[in-house]
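Worksheet for the structure shown next.
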Amino acid sequence: MNRWLMKSELDVYPYSQLVEDGQTHWDGVRNYQARNMMRDDMKLGDLVLFYHSNTKPPHVAGVAKIVREGYPDFTSWDVNSKYRDEKSSPENPRWFMVDIAPVKELAMVSLDAMKANPALEGMPLLRRGQRLSVQPVNVEHFNEVLSMAGVSPEDLE
DNA sequence: GCCAACGTTGGC
DNA sequence: GCCAACGTTGGC
């Protein structure tokens, strides 16, 4: 199983909204690296740290899981969508997305706390200038973040 | 194919 | 609101 981190701006789509919706499609990602991970690497059941960006403090808010593997992002050819890309079509989709569902809400784990934790050294999120909205997380880092929220991996089952 | 200009992300 | 980082665009 792979593990991931996905960023969402708190005031755009918070974890609480995911809980309310029960499931959502992760549309609007327009970055090739992130697309490739969603299209090729994210598998059913993979776990995701749900991260709130653009808020004070930035933080991990919960755990989600992949409930549908990569498929074309239909907002890319929706003329009414702000995510529209003229070069993408149903016949030749350029952008992909996955569906995620909530697993467990976490006590806030702030970016500062993560930076201060030596066990998280090397985590992509903590790298200077890291902007990717979808990132891989190794199992040690993933479990360490859980632990910082007082949760053990078994609690997710 | 290089690279300067530009736009966006996102912490601070 | 600032600005560093960095991906994308487009002229050449």
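Residue numbering restarts at 1 for every chain, and letters A, B, ... go by the order of the sequence lines. All figures in this text were calculated on a predicted structure; none of them were measured in a lab. Below, all heavy atoms of this structure are taken into account, side chains as well, without hydrogens, waters or symmetry copies.
Listed by first and then second residue, the ring-ring contact (aromatic ring centres under 6.0 Å, His included) pairs that reach into residues 19-45 of chain A are A/His25-A/Phe74, A/Trp26-A/Phe50, A/Tyr32-A/Trp95, sequence neighbours excluded. Among pairs with a residue in residues 143-157 of chain A, those fulfilling side chain to side chain donor-acceptor pair (under 3.5 Å) read A/Asn117-A/Glu144, A/Ser152-A/Glu154, A/Ser152-A/Asp155, at least two apart in sequence or across chains. The ring-ring contact (aromatic ring centres under 6.0 Å, His included) contacts involving residues 131-157 of chain A comprise nothing, where partners must be two or more places apart or lie in separate chains. Counting only residues at least two apart or in different chains, salt bridge (charged side-chain N to carboxylate O under 4.0 Å, His left out) contacts with residues 63-81 of chain A comprise A/Arg30-A/Asp73.
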Hey, what are the protein-to-nucleotides 3-12 of chain B N/O distances that come in under 3.5 Å?
unit_1: B/dT8; atom_1: O2; unit_2: A/Arg131; atom_2: NH1; d: 2.5
unit_1: B/dG10; atom_1: OP1; unit_2: A/Lys7; atom_2: NZ; d: 2.9
unit_1: B/dG10; atom_1: OP1; unit_2: A/Arg131; atom_2: O; d: 2.7
unit_1: B/dG11; atom_1: OP1; unit_2: A/Tyr51; atom_2: OH; d: 2.8
unit_1: B/dG11; atom_1: OP2; unit_2: A/Asn54; atom_2: N; d: 3.1
unit_1: B/dC12; atom_1: OP1; unit_2: A/Lys115; atom_2: NZ; d: 2.4

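Every residue meeting the side chain to side chain donor-acceptor pair (under 3.5 Å) condition with A/Asn54, not counting sequence neighbours, appears here in chain and number order: A/Glu9.
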